[in-house]
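Report on the following structure.
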Amino acid sequence: MGRLSVAASKALSLLHHPSLSQSLTAFTAVSHVKQVHAHLIVTGDAQQNIFTTTRLLACAALCGSPDLSYAEAIFRHTPAPTFFMHNTLLRAYSRSPADSPDGIALYVHLLRAGFFPDKFTFPFVLHSCGLLENLFLGRQLHGHVVKFGLCHDVFVVNNVMGMYSSCAELGSARQLFDESLDIANVVSWTILVTGCSNSGDIDTARAYFDQMPSKNSVSWNAMITGYGRVGRISDARELFNAMPERDSASWGALISGYTENKLFMEALVLIREMVNRGEVPNEAAIVSAVSACAHLRALEEGDWLYELVKEIGFDGNVILGTALLDMFGKCGNIRKALMVFNLMPAKNIYSWNSMIAGLAFNGYGREVLSLFWKMQLLGTTPNSITFISLLSGCSHSGLVDEGLHLFNMMTQKYRIKPQLEHYGSVVDLLGRAGLIEEAVHFVEGLPVGPHSGLWGALAGACRIHGEVELGREVAERLVELEPQHSGRYALLSNILASARRWDGVEMVRKLLKDRKVLKTPGSSIL
DNA sequence: TTAGGGTTAG
(Lines give C-alpha, C1' and ligand atoms only; values in the text may rest on other atoms or scores of the structure.)
Protein backbone atom coordinates (compact mmCIF):
# COMPACT_ATOMS: atom_id res chain seq x y z
CA MET A 1 0.00 0.00 0.00
CA GLY A 2 1.02 3.59 -0.45
CA ARG A 3 2.67 5.68 2.20
CA LEU A 4 0.57 7.46 4.74
CA SER A 5 0.10 11.17 4.22
CA VAL A 6 1.75 13.48 6.72
CA ALA A 7 -1.58 14.20 8.36
CA ALA A 8 -2.44 10.52 8.58
CA SER A 9 0.95 9.68 10.07
CA LYS A 10 0.39 12.28 12.72
CA ALA A 11 -3.07 10.85 13.31
CA LEU A 12 -1.65 7.35 13.68
CA SER A 13 0.78 8.51 16.33
CA LEU A 14 -2.04 10.20 18.25
CA LEU A 15 -4.56 7.37 17.83
CA HIS A 16 -3.55 5.72 21.08
CA HIS A 17 -3.24 8.90 23.08
CA PRO A 18 -4.94 8.39 26.45
CA SER A 19 -7.25 11.31 25.78
CA LEU A 20 -9.86 11.02 23.02
CA SER A 21 -9.91 14.76 22.51
CA GLN A 22 -6.19 14.66 21.73
CA SER A 23 -6.81 11.95 19.17
CA LEU A 24 -9.61 13.94 17.64
CA THR A 25 -7.41 16.96 17.04
CA ALA A 26 -5.41 14.82 14.61
CA PHE A 27 -8.42 13.66 12.61
CA THR A 28 -9.76 16.75 10.91
CA ALA A 29 -11.15 14.71 8.03
CA VAL A 30 -12.56 11.20 7.78
CA SER A 31 -10.05 10.45 5.03
CA HIS A 32 -7.35 10.40 7.74
CA VAL A 33 -9.37 7.90 9.71
CA LYS A 34 -9.74 5.71 6.64
CA GLN A 35 -6.04 5.89 5.81
CA VAL A 36 -5.06 4.93 9.33
CA HIS A 37 -7.66 2.19 9.41
CA ALA A 38 -6.38 0.74 6.13
CA HIS A 39 -2.83 0.92 7.41
CA LEU A 40 -3.77 -0.98 10.57
CA ILE A 41 -5.58 -3.64 8.59
CA VAL A 42 -2.59 -4.21 6.33
CA THR A 43 -0.14 -4.37 9.21
CA GLY A 44 -2.48 -6.69 11.08
CA ASP A 45 -2.80 -4.35 14.07
CA ALA A 46 -6.51 -3.75 13.66
CA GLN A 47 -7.59 -7.30 14.35
CA GLN A 48 -7.82 -8.02 18.02
CA ASN A 49 -7.39 -4.70 19.76
CA ILE A 50 -10.74 -3.41 20.94
CA PHE A 51 -9.22 -0.15 22.15
CA THR A 52 -7.96 0.64 18.65
CA THR A 53 -11.31 -0.22 17.09
CA THR A 54 -13.14 1.92 19.61
CA ARG A 55 -10.84 4.85 19.01
CA LEU A 56 -11.25 4.60 15.24
CA LEU A 57 -15.01 4.50 15.64
CA ALA A 58 -14.92 7.58 17.87
CA CYS A 59 -12.73 9.49 15.42
CA ALA A 60 -14.92 8.63 12.42
CA ALA A 61 -18.08 9.54 14.34
CA LEU A 62 -16.93 12.67 16.15
CA CYS A 63 -14.25 14.40 14.06
CA GLY A 64 -14.78 17.78 12.42
CA SER A 65 -16.61 16.37 9.40
CA PRO A 66 -17.83 13.00 10.61
CA ASP A 67 -18.85 10.05 8.44
CA LEU A 68 -21.52 8.17 10.32
CA SER A 69 -21.94 5.40 7.79
CA TYR A 70 -18.23 4.64 8.12
CA ALA A 71 -18.57 4.64 11.90
CA GLU A 72 -21.57 2.32 11.62
CA ALA A 73 -19.56 -0.01 9.39
CA ILE A 74 -16.83 -0.26 12.04
CA PHE A 75 -19.53 -0.91 14.65
CA ARG A 76 -21.20 -3.63 12.57
CA HIS A 77 -17.94 -5.39 11.80
CA THR A 78 -17.04 -5.61 15.46
CA PRO A 79 -18.16 -9.06 16.68
CA ALA A 80 -19.27 -7.86 20.12
CA PRO A 81 -19.50 -4.06 20.28
CA THR A 82 -18.82 -2.84 23.80
CA PHE A 83 -21.09 -0.67 25.86
CA PHE A 84 -18.68 2.22 25.36
CA MET A 85 -18.96 1.84 21.60
CA HIS A 86 -22.74 2.09 21.88
CA ASN A 87 -22.41 5.31 23.85
CA THR A 88 -19.94 6.73 21.33
CA LEU A 89 -22.27 6.12 18.43
CA LEU A 90 -25.22 7.50 20.42
CA ARG A 91 -23.19 10.63 21.02
CA ALA A 92 -22.63 11.05 17.28
CA TYR A 93 -26.31 10.47 16.49
CA SER A 94 -27.38 13.08 19.01
CA ARG A 95 -25.62 15.81 17.03
CA SER A 96 -28.08 16.17 14.18
CA PRO A 97 -31.86 15.87 13.82
CA ALA A 98 -31.44 13.67 10.73
CA ASP A 99 -29.61 11.04 12.77
CA SER A 100 -31.89 11.18 15.81
CA PRO A 101 -34.09 8.25 14.77
CA ASP A 102 -30.97 6.10 14.50
CA GLY A 103 -30.04 7.20 17.99
CA ILE A 104 -33.36 6.05 19.38
CA ALA A 105 -33.07 2.75 17.51
CA LEU A 106 -29.59 2.17 18.89
CA TYR A 107 -30.79 2.87 22.41
CA VAL A 108 -33.45 0.17 22.03
CA HIS A 109 -30.83 -2.15 20.60
CA LEU A 110 -28.61 -1.44 23.58
CA LEU A 111 -31.38 -2.39 26.02
CA ARG A 112 -32.16 -5.58 24.11
CA ALA A 113 -28.48 -6.52 24.13
CA GLY A 114 -28.70 -6.54 27.91
CA PHE A 115 -26.68 -3.40 28.64
CA PHE A 116 -27.68 -0.96 31.37
CA PRO A 117 -27.82 2.65 30.13
CA ASP A 118 -25.64 4.92 32.27
CA LYS A 119 -25.17 8.61 33.00
CA PHE A 120 -23.55 9.05 29.58
CA THR A 121 -26.17 7.15 27.60
CA PHE A 122 -29.09 9.28 28.74
CA PRO A 123 -27.80 12.75 27.84
CA PHE A 124 -27.24 11.58 24.25
CA VAL A 125 -30.47 9.72 23.74
CA LEU A 126 -32.51 12.43 25.47
CA HIS A 127 -30.93 15.00 23.21
CA SER A 128 -31.93 12.97 20.14
CA CYS A 129 -35.43 12.69 21.54
CA GLY A 130 -35.56 16.47 22.04
CA LEU A 131 -34.48 17.04 18.45
CA LEU A 132 -37.33 14.79 17.35
CA GLU A 133 -39.70 16.68 19.66
CA ASN A 134 -41.17 13.34 20.60
CA LEU A 135 -42.75 13.90 24.00
CA PHE A 136 -44.28 10.44 24.21
CA LEU A 137 -40.86 8.86 23.85
CA GLY A 138 -39.34 11.50 26.12
CA ARG A 139 -41.64 10.62 29.00
CA GLN A 140 -40.70 6.95 28.61
CA LEU A 141 -37.02 7.89 28.71
CA HIS A 142 -37.65 9.95 31.84
CA GLY A 143 -39.16 6.79 33.32
CA HIS A 144 -36.04 4.84 32.41
CA VAL A 145 -33.89 7.49 34.09
CA VAL A 146 -35.79 6.92 37.32
CA LYS A 147 -35.77 3.14 36.90
CA PHE A 148 -32.02 3.04 36.39
CA GLY A 149 -31.45 5.24 39.40
CA LEU A 150 -29.97 8.22 37.61
CA CYS A 151 -32.27 11.01 38.71
CA HIS A 152 -29.61 12.44 41.00
CA ASP A 153 -27.08 12.97 38.25
CA VAL A 154 -27.09 16.62 37.22
CA PHE A 155 -26.08 15.90 33.62
CA VAL A 156 -28.93 13.46 33.20
CA VAL A 157 -31.45 15.71 34.93
CA ASN A 158 -30.40 18.71 32.84
CA ASN A 159 -30.91 16.70 29.68
CA VAL A 160 -34.35 15.53 30.79
CA MET A 161 -35.21 19.20 31.37
CA GLY A 162 -33.78 20.08 27.98
CA MET A 163 -35.82 17.34 26.34
CA TYR A 164 -39.05 18.65 27.93
CA SER A 165 -38.15 22.16 26.87
CA SER A 166 -37.54 21.06 23.26
CA CYS A 167 -40.91 19.28 23.31
CA ALA A 168 -42.61 22.52 24.43
CA GLU A 169 -43.45 20.89 27.74
CA LEU A 170 -42.01 23.55 29.99
CA GLY A 171 -44.25 22.69 32.93
CA SER A 172 -42.57 19.31 33.25
CA ALA A 173 -39.14 20.89 32.95
CA ARG A 174 -39.93 23.33 35.75
CA GLN A 175 -41.40 20.61 37.92
CA LEU A 176 -38.27 18.51 37.53
CA PHE A 177 -36.15 21.56 38.28
CA ASP A 178 -38.08 22.18 41.51
CA GLU A 179 -37.59 18.54 42.51
CA SER A 180 -33.87 18.72 41.79
CA LEU A 181 -32.98 22.07 43.36
CA ASP A 182 -30.34 20.44 45.55
CA ILE A 183 -28.26 19.40 42.54
CA ALA A 184 -29.19 22.17 40.06
CA ASN A 185 -26.25 24.03 38.57
CA VAL A 186 -25.79 27.02 36.26
CA VAL A 187 -26.68 24.85 33.24
CA SER A 188 -30.01 23.82 34.78
CA TRP A 189 -30.88 27.46 35.37
CA THR A 190 -29.87 28.46 31.86
CA ILE A 191 -32.01 25.69 30.36
CA LEU A 192 -34.98 27.20 32.18
CA VAL A 193 -34.17 30.71 31.01
CA THR A 194 -33.92 29.51 27.42
CA GLY A 195 -37.01 27.34 27.73
CA CYS A 196 -39.17 30.17 29.06
CA SER A 197 -37.89 32.58 26.46
CA ASN A 198 -38.46 30.10 23.62
CA SER A 199 -42.01 29.52 24.78
CA GLY A 200 -42.61 33.26 24.60
CA ASP A 201 -42.58 33.95 28.33
CA ILE A 202 -39.66 36.36 28.39
CA ASP A 203 -40.58 37.90 31.76
CA THR A 204 -40.48 34.54 33.53
CA ALA A 205 -37.18 33.92 31.81
CA ARG A 206 -35.91 37.19 33.25
CA ALA A 207 -37.23 36.25 36.69
CA TYR A 208 -35.23 33.01 36.63
CA PHE A 209 -32.24 34.91 35.27
CA ASP A 210 -32.37 37.36 38.18
CA GLN A 211 -32.71 34.53 40.71
CA MET A 212 -29.71 32.54 39.46
CA PRO A 213 -27.22 31.87 42.25
CA SER A 214 -24.43 32.37 39.72
CA LYS A 215 -24.26 33.25 36.05
CA ASN A 216 -21.78 32.71 33.27
CA SER A 217 -21.61 34.24 29.81
CA VAL A 218 -23.88 31.54 28.37
CA SER A 219 -26.64 32.59 30.77
CA TRP A 220 -26.26 36.25 29.82
CA ASN A 221 -26.18 35.41 26.11
CA ALA A 222 -29.32 33.29 26.41
CA MET A 223 -31.16 36.23 27.96
CA ILE A 224 -29.85 38.66 25.32
CA THR A 225 -31.02 36.31 22.57
CA GLY A 226 -34.41 35.97 24.23
CA TYR A 227 -34.93 39.75 24.33
CA GLY A 228 -33.86 39.98 20.70
CA ARG A 229 -36.39 37.37 19.62
CA VAL A 230 -39.33 39.23 21.14
CA GLY A 231 -38.19 42.56 19.78
CA ARG A 232 -37.10 44.04 23.12
CA ILE A 233 -33.83 45.13 21.65
CA SER A 234 -33.12 47.92 24.12
CA ASP A 235 -33.37 45.41 26.97
CA ALA A 236 -30.96 43.20 25.05
CA ARG A 237 -28.55 46.10 24.66
CA GLU A 238 -28.84 46.96 28.34
CA LEU A 239 -27.83 43.44 29.36
CA PHE A 240 -25.03 43.43 26.81
CA ASN A 241 -23.68 46.64 28.30
CA ALA A 242 -24.10 45.39 31.85
CA MET A 243 -22.54 41.94 31.57
CA PRO A 244 -19.21 41.50 33.29
CA GLU A 245 -17.45 39.58 30.56
CA ARG A 246 -18.50 39.32 26.92
CA ASP A 247 -17.45 36.54 24.59
CA SER A 248 -17.90 36.40 20.82
CA ALA A 249 -21.34 34.81 21.22
CA SER A 250 -22.49 37.83 23.26
CA TRP A 251 -21.64 40.16 20.39
CA GLY A 252 -23.19 37.68 17.99
CA ALA A 253 -26.42 37.50 19.99
CA LEU A 254 -26.88 41.26 19.89
CA ILE A 255 -25.88 41.58 16.23
CA SER A 256 -28.43 38.88 15.32
CA GLY A 257 -31.01 40.65 17.44
CA TYR A 258 -30.47 43.88 15.53
CA THR A 259 -30.78 42.15 12.16
CA GLU A 260 -33.87 40.21 13.20
CA ASN A 261 -35.47 43.49 14.20
CA LYS A 262 -34.52 45.21 10.96
CA LEU A 263 -32.01 47.48 12.71
CA PHE A 264 -29.48 46.80 9.99
CA MET A 265 -27.28 49.85 10.50
CA GLU A 266 -26.95 49.05 14.19
CA ALA A 267 -25.91 45.50 13.34
CA LEU A 268 -23.17 46.77 11.04
CA VAL A 269 -21.95 49.37 13.51
CA LEU A 270 -21.71 46.68 16.19
CA ILE A 271 -19.74 44.18 14.14
CA ARG A 272 -17.36 46.96 13.13
CA GLU A 273 -16.86 47.84 16.78
CA MET A 274 -16.35 44.19 17.61
CA VAL A 275 -13.62 43.74 15.00
CA ASN A 276 -11.99 47.05 15.91
CA ARG A 277 -11.68 45.78 19.44
CA GLY A 278 -9.80 42.76 18.19
CA GLU A 279 -12.62 40.27 18.77
CA VAL A 280 -13.13 37.56 16.14
CA PRO A 281 -16.82 37.32 15.19
CA ASN A 282 -18.35 33.85 15.14
CA GLU A 283 -20.14 32.59 12.05
CA ALA A 284 -23.60 33.49 13.35
CA ALA A 285 -22.54 37.10 13.86
CA ILE A 286 -21.11 37.30 10.36
CA VAL A 287 -24.21 35.71 8.86
CA SER A 288 -26.44 38.29 10.52
CA ALA A 289 -24.18 41.16 9.49
CA VAL A 290 -24.03 39.93 5.90
CA SER A 291 -27.82 39.67 5.87
CA ALA A 292 -27.98 43.27 7.13
CA CYS A 293 -25.78 44.32 4.18
CA ALA A 294 -28.12 42.51 1.81
CA HIS A 295 -31.11 44.44 3.14
CA LEU A 296 -29.27 47.75 2.95
CA ARG A 297 -27.69 46.95 -0.44
CA ALA A 298 -24.44 47.88 1.31
CA LEU A 299 -21.91 46.37 -1.07
CA GLU A 300 -18.81 47.98 0.44
CA GLU A 301 -19.60 46.71 3.90
CA GLY A 302 -20.46 43.34 2.38
CA ASP A 303 -17.12 43.18 0.57
CA TRP A 304 -15.37 43.95 3.84
CA LEU A 305 -17.21 41.09 5.55
CA TYR A 306 -16.30 38.74 2.70
CA GLU A 307 -12.64 39.63 3.12
CA LEU A 308 -13.03 38.98 6.83
CA VAL A 309 -14.53 35.56 6.13
CA LYS A 310 -11.62 34.68 3.86
CA GLU A 311 -9.19 35.85 6.51
CA ILE A 312 -10.78 33.70 9.19
CA GLY A 313 -11.10 30.84 6.71
CA PHE A 314 -14.32 29.87 4.95
CA ASP A 315 -15.08 26.32 6.00
CA GLY A 316 -17.88 25.75 3.52
CA ASN A 317 -20.67 26.52 5.97
CA VAL A 318 -23.86 26.44 3.94
CA ILE A 319 -25.66 29.17 5.88
CA LEU A 320 -22.75 31.59 5.69
CA GLY A 321 -22.23 30.84 2.00
CA THR A 322 -25.90 31.43 1.28
CA ALA A 323 -25.95 34.72 3.18
CA LEU A 324 -22.91 35.90 1.21
CA LEU A 325 -24.16 34.97 -2.23
CA ASP A 326 -27.57 36.43 -1.45
CA MET A 327 -25.92 39.68 -0.39
CA PHE A 328 -23.82 39.87 -3.56
CA GLY A 329 -26.84 39.10 -5.71
CA LYS A 330 -28.95 41.80 -4.05
CA CYS A 331 -26.09 44.31 -4.29
CA GLY A 332 -25.79 43.66 -8.00
CA ASN A 333 -22.44 41.88 -8.00
CA ILE A 334 -23.64 38.74 -9.73
CA ARG A 335 -20.12 37.61 -10.58
CA LYS A 336 -19.15 37.36 -6.92
CA ALA A 337 -22.48 35.79 -6.06
CA LEU A 338 -21.82 33.03 -8.59
CA MET A 339 -18.27 32.65 -7.35
CA VAL A 340 -19.39 32.04 -3.76
CA PHE A 341 -22.17 29.75 -4.98
CA ASN A 342 -19.72 27.64 -6.98
CA LEU A 343 -17.29 27.51 -4.07
CA MET A 344 -19.88 26.05 -1.72
CA PRO A 345 -19.31 22.33 -1.16
CA ALA A 346 -22.90 21.78 -0.07
CA LYS A 347 -26.02 23.66 -1.08
CA ASN A 348 -29.53 23.58 0.32
CA ILE A 349 -32.84 24.95 -0.90
CA TYR A 350 -31.99 28.38 0.55
CA SER A 351 -28.76 28.51 -1.45
CA TRP A 352 -30.46 27.59 -4.72
CA ASN A 353 -33.33 29.99 -4.11
CA SER A 354 -30.98 32.86 -3.33
CA MET A 355 -28.87 32.23 -6.42
CA ILE A 356 -31.94 32.00 -8.63
CA ALA A 357 -33.34 35.19 -7.08
CA GLY A 358 -30.01 36.96 -7.59
CA LEU A 359 -29.93 36.09 -11.28
CA ALA A 360 -33.60 37.01 -11.71
CA PHE A 361 -33.14 40.31 -9.89
CA ASN A 362 -30.29 41.25 -12.20
CA GLY A 363 -32.13 40.37 -15.39
CA TYR A 364 -30.45 37.07 -16.27
CA GLY A 365 -33.61 35.24 -17.30
CA ARG A 366 -31.99 32.50 -19.39
CA GLU A 367 -29.40 31.80 -16.71
CA VAL A 368 -32.20 31.52 -14.16
CA LEU A 369 -33.77 28.77 -16.21
CA SER A 370 -30.60 26.79 -16.72
CA LEU A 371 -29.76 27.01 -13.02
CA PHE A 372 -33.25 25.74 -12.26
CA TRP A 373 -32.73 22.67 -14.45
CA LYS A 374 -29.38 22.05 -12.83
CA MET A 375 -30.96 22.24 -9.41
CA GLN A 376 -33.54 19.62 -10.35
CA LEU A 377 -30.91 17.42 -11.95
CA LEU A 378 -28.90 17.48 -8.76
CA GLY A 379 -31.93 16.36 -6.81
CA THR A 380 -33.13 19.47 -4.97
CA THR A 381 -36.91 19.88 -5.00
CA PRO A 382 -38.02 23.47 -5.64
CA ASN A 383 -40.45 25.08 -3.22
CA SER A 384 -42.91 27.92 -3.40
CA ILE A 385 -40.20 30.57 -2.99
CA THR A 386 -38.17 29.10 -5.86
CA PHE A 387 -41.10 29.75 -8.18
CA ILE A 388 -41.54 33.33 -7.05
CA SER A 389 -37.99 34.04 -8.18
CA LEU A 390 -38.34 31.97 -11.34
CA LEU A 391 -41.49 33.78 -12.39
CA SER A 392 -40.07 37.18 -11.67
CA GLY A 393 -36.94 36.24 -13.64
CA CYS A 394 -39.06 35.30 -16.64
CA SER A 395 -41.13 38.43 -16.26
CA HIS A 396 -38.10 40.74 -16.24
CA SER A 397 -36.59 39.00 -19.26
CA GLY A 398 -39.79 38.78 -21.28
CA LEU A 399 -39.84 34.97 -21.25
CA VAL A 400 -43.61 34.63 -21.39
CA ASP A 401 -44.01 31.03 -22.58
CA GLU A 402 -41.32 29.81 -20.22
CA GLY A 403 -42.97 31.59 -17.29
CA LEU A 404 -46.40 30.14 -18.03
CA HIS A 405 -44.87 26.72 -18.40
CA LEU A 406 -43.18 27.08 -15.01
CA PHE A 407 -46.43 28.17 -13.41
CA ASN A 408 -48.12 25.02 -14.68
CA MET A 409 -45.20 22.92 -13.60
CA MET A 410 -45.43 24.37 -10.11
CA THR A 411 -49.07 23.43 -9.66
CA GLN A 412 -49.14 20.14 -11.60
CA LYS A 413 -45.76 18.52 -11.14
CA TYR A 414 -44.80 19.89 -7.74
CA ARG A 415 -48.32 20.29 -6.36
CA ILE A 416 -47.51 23.70 -4.89
CA LYS A 417 -50.55 25.81 -4.12
CA PRO A 418 -50.03 29.24 -5.69
CA GLN A 419 -49.90 32.24 -3.38
CA LEU A 420 -50.86 35.78 -4.31
CA GLU A 421 -47.22 36.47 -5.16
CA HIS A 422 -47.27 33.78 -7.83
CA TYR A 423 -50.47 35.12 -9.34
CA GLY A 424 -49.00 38.61 -9.24
CA SER A 425 -45.91 37.43 -11.09
CA VAL A 426 -48.01 35.85 -13.84
CA VAL A 427 -50.05 39.03 -14.22
CA ASP A 428 -46.81 40.97 -14.38
CA LEU A 429 -45.40 38.52 -16.89
CA LEU A 430 -48.38 38.86 -19.22
CA GLY A 431 -48.83 42.57 -18.61
CA ARG A 432 -45.23 43.54 -19.35
CA ALA A 433 -45.40 41.58 -22.58
CA GLY A 434 -48.50 43.56 -23.60
CA LEU A 435 -50.85 40.58 -23.31
CA ILE A 436 -53.41 42.63 -21.40
CA GLU A 437 -56.48 40.69 -22.42
CA GLU A 438 -54.86 37.44 -21.32
CA ALA A 439 -53.86 39.05 -18.03
CA VAL A 440 -57.41 40.23 -17.33
CA HIS A 441 -58.70 36.80 -18.19
CA PHE A 442 -56.18 35.23 -15.86
CA VAL A 443 -57.16 37.46 -12.93
CA GLU A 444 -60.87 36.96 -13.47
CA GLY A 445 -60.42 33.20 -13.49
CA LEU A 446 -58.57 33.08 -10.18
CA PRO A 447 -60.04 31.33 -7.16
CA VAL A 448 -59.28 34.38 -4.98
CA GLY A 449 -61.41 37.46 -4.44
CA PRO A 450 -60.48 40.85 -5.92
CA HIS A 451 -57.04 41.78 -4.71
CA SER A 452 -55.45 45.19 -5.00
CA GLY A 453 -51.96 43.85 -5.75
CA LEU A 454 -53.18 41.91 -8.76
CA TRP A 455 -55.37 44.71 -10.12
CA GLY A 456 -52.55 47.16 -9.47
CA ALA A 457 -50.18 45.12 -11.63
CA LEU A 458 -52.85 45.02 -14.33
CA ALA A 459 -53.50 48.75 -14.27
CA GLY A 460 -49.78 49.44 -14.42
CA ALA A 461 -49.51 47.25 -17.51
CA CYS A 462 -52.45 49.02 -19.14
CA ARG A 463 -50.78 52.37 -18.62
CA ILE A 464 -47.48 51.23 -20.09
CA HIS A 465 -49.17 49.77 -23.12
CA GLY A 466 -51.66 52.61 -23.64
CA GLU A 467 -54.74 50.52 -22.96
CA VAL A 468 -56.80 53.44 -21.78
CA GLU A 469 -60.29 51.97 -21.58
CA LEU A 470 -59.28 48.78 -19.86
CA GLY A 471 -56.89 50.70 -17.64
CA ARG A 472 -59.63 53.05 -16.55
CA GLU A 473 -61.93 50.16 -15.69
CA VAL A 474 -59.27 48.46 -13.66
CA ALA A 475 -58.17 51.64 -11.91
CA GLU A 476 -61.76 52.40 -10.96
CA ARG A 477 -62.12 48.98 -9.40
CA LEU A 478 -58.92 49.65 -7.52
CA VAL A 479 -60.13 52.96 -6.18
CA GLU A 480 -63.27 51.28 -4.87
CA LEU A 481 -61.23 48.43 -3.43
CA GLU A 482 -58.94 50.78 -1.52
CA PRO A 483 -60.74 54.13 -1.18
CA GLN A 484 -58.19 55.52 1.27
CA HIS A 485 -55.12 54.74 -0.85
CA SER A 486 -54.07 57.94 -2.62
CA GLY A 487 -51.82 56.09 -5.07
CA ARG A 488 -54.86 54.40 -6.60
CA TYR A 489 -56.43 57.78 -7.44
CA ALA A 490 -53.09 58.90 -8.87
CA LEU A 491 -53.03 55.93 -11.17
CA LEU A 492 -56.59 56.49 -12.36
CA SER A 493 -55.91 60.17 -12.90
CA ASN A 494 -52.74 59.40 -14.86
CA ILE A 495 -54.54 57.02 -17.14
CA LEU A 496 -57.32 59.53 -17.78
CA ALA A 497 -54.80 62.32 -18.37
CA SER A 498 -52.90 60.27 -20.91
CA ALA A 499 -56.18 59.94 -22.84
CA ARG A 500 -56.78 63.72 -22.42
CA ARG A 501 -59.95 63.00 -20.45
CA TRP A 502 -59.62 66.19 -18.40
CA ASP A 503 -63.17 66.03 -17.08
CA GLY A 504 -62.34 62.66 -15.59
CA VAL A 505 -59.14 64.00 -14.06
CA GLU A 506 -61.11 66.79 -12.43
CA MET A 507 -63.65 64.29 -11.10
CA VAL A 508 -60.94 62.18 -9.51
CA ARG A 509 -59.47 65.30 -7.89
CA LYS A 510 -62.87 66.14 -6.42
CA LEU A 511 -63.40 62.58 -5.23
CA LEU A 512 -60.06 62.67 -3.47
CA LYS A 513 -60.99 65.90 -1.74
CA ASP A 514 -64.50 64.78 -0.74
CA ARG A 515 -63.25 61.53 0.70
CA LYS A 516 -60.50 63.35 2.59
CA VAL A 517 -57.84 60.93 1.37
CA LEU A 518 -54.45 61.73 2.84
CA LYS A 519 -51.56 61.79 0.44
CA THR A 520 -48.99 59.13 1.19
CA PRO A 521 -45.51 60.61 1.26
CA GLY A 522 -43.71 60.06 -1.99
CA SER A 523 -46.78 59.35 -4.11
CA SER A 524 -46.58 61.22 -7.36
CA ILE A 525 -49.20 63.63 -8.66
CA LEU A 526 -52.39 65.51 -7.63
C1' DT B 1 -21.48 13.83 28.39
C1' DT B 2 -25.43 18.89 29.56
C1' DA B 3 -27.00 25.14 28.45
C1' DG B 4 -26.29 30.30 24.28
C1' DG B 5 -26.09 31.34 17.06
C1' DG B 6 -27.46 32.06 11.65
C1' DT B 7 -29.59 32.05 5.37
C1' DT B 8 -34.12 32.66 0.71
C1' DA B 9 -39.78 36.13 -1.63
C1' DG B 10 -43.26 40.03 -0.78
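Below, chain A is the first sequence line, B the second, and so on; all start at residue 1.
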Counting any heavy atom closer than 4.0 Å, what does [X] reach on the DNA or RNA strands: base, sugar-phosphate only, or nothing?
X: A:N282; result: base
X: A:N216; result: base
X: A:A249; result: base
X: A:N317; result: base

Can you check whether [X] and [Y] have ring centres sitting under 6.0 Å from each other?
X: A:Y107; Y: A:F115; value: no
X: A:F372; Y: A:W352; value: no
X: A:Y164; Y: A:H142; value: yes

With a 3.5 Å cut-off and heavy atoms only, can you find an N or O donor on one side and an acceptor on the other between the side chain of [X] and the base of [N]?
X: A:D247; N: B:dG4; result: yes
X: A:N159; N: B:dT2; result: no
X: A:T322; N: B:dT7; result: yes

Tell me whether the OP1 or OP2 atom of [N] has a side-chain N or O from [X] closer than 4.0 Å.
X: A:S291; N: B:dT8; answer: yes
X: A:R95; N: B:dT1; answer: no
X: A:K330; N: B:dA9; answer: yes
X: A:H127; N: B:dA3; answer: yes

Spacing of [X] atom [atom1] relative to [N] atom [atom2], expressed in whole Å:
X: A:L254; N: B:dG4; atom1: CG; atom2: C1'; result: 14 Å
X: A:L176; N: B:dT2; atom1: CG; atom2: C1'; result: 13 Å
X: A:M327; N: B:dA9; atom1: CE; atom2: P; result: 14 Å
X: A:F407; N: B:dA9; atom1: CZ; atom2: P; result: 20 Å
X: A:L305; N: B:dT7; atom1: CG; atom2: C1'; result: 14 Å
X: A:F387; N: B:dG10; atom1: CZ; atom2: P; result: 16 Å
X: A:F361; N: B:dT8; atom1: CZ; atom2: P; result: 14 Å
X: A:L391; N: B:dG10; atom1: CG; atom2: C1'; result: 13 Å

Axial cation check for A:W304 ring with A:R272, 6.0 Å and 45° limits
yes
Taking only the side-chain heavy atoms of [X] (C-beta and beyond), determine which of [options] contains the nearest atom.
X: A:N185; options: B:dT2, B:dG10, B:dG4; value: B:dT2
X: A:A284; options: B:dT7, B:dG5, B:dG4; value: B:dG5
X: A:N158; options: B:dG4, B:dT2, B:dT1; value: B:dT2
X: A:E283; options: B:dG6, B:dG10, B:dT1; value: B:dG6
X: A:I191; options: B:dA3, B:dG4, B:dT1; value: B:dA3
X: A:T225; options: B:dG4, B:dG10, B:dT8; value: B:dG4
X: A:N353; options: B:dT2, B:dG4, B:dT8; value: B:dT8
X: A:R91; options: B:dT1, B:dA3, B:dG6; value: B:dT1
X: A:F120; options: B:dG6, B:dA9, B:dT1; value: B:dT1
X: A:H295; options: B:dA3, B:dT8, B:dG6; value: B:dT8

Tell me whether A:F155 and B:dT1 count as stacked here, given that the ring centres must be under 5.5 Å apart and the planes must differ by less than 30 degrees.
yes
Can I get a per-line list of side-chain donor-acceptor pairs under 3.5 Å for residues 330-339 of chain A, giving both atom names and the distance, sequence neighbours left out?
residue, atom, partner, partner atom, Å
A:K330, NZ, A:D326, OD1, 3.0
A:K330, NZ, A:D326, OD2, 2.9
A:N333, OD1, A:K336, N, 3.1
A:K336, NZ, A:D303, OD1, 2.8

What is the ring orientation for A:H86 with A:H109, classed by angle as parallel under 30°, tilted 30 to 60°, or perpendicular over 60°?
parallel
Just say parallel, tilted or perpendicular for the rings of A:W220 and A:F209, cut-offs at 30° and 60°.
perpendicular
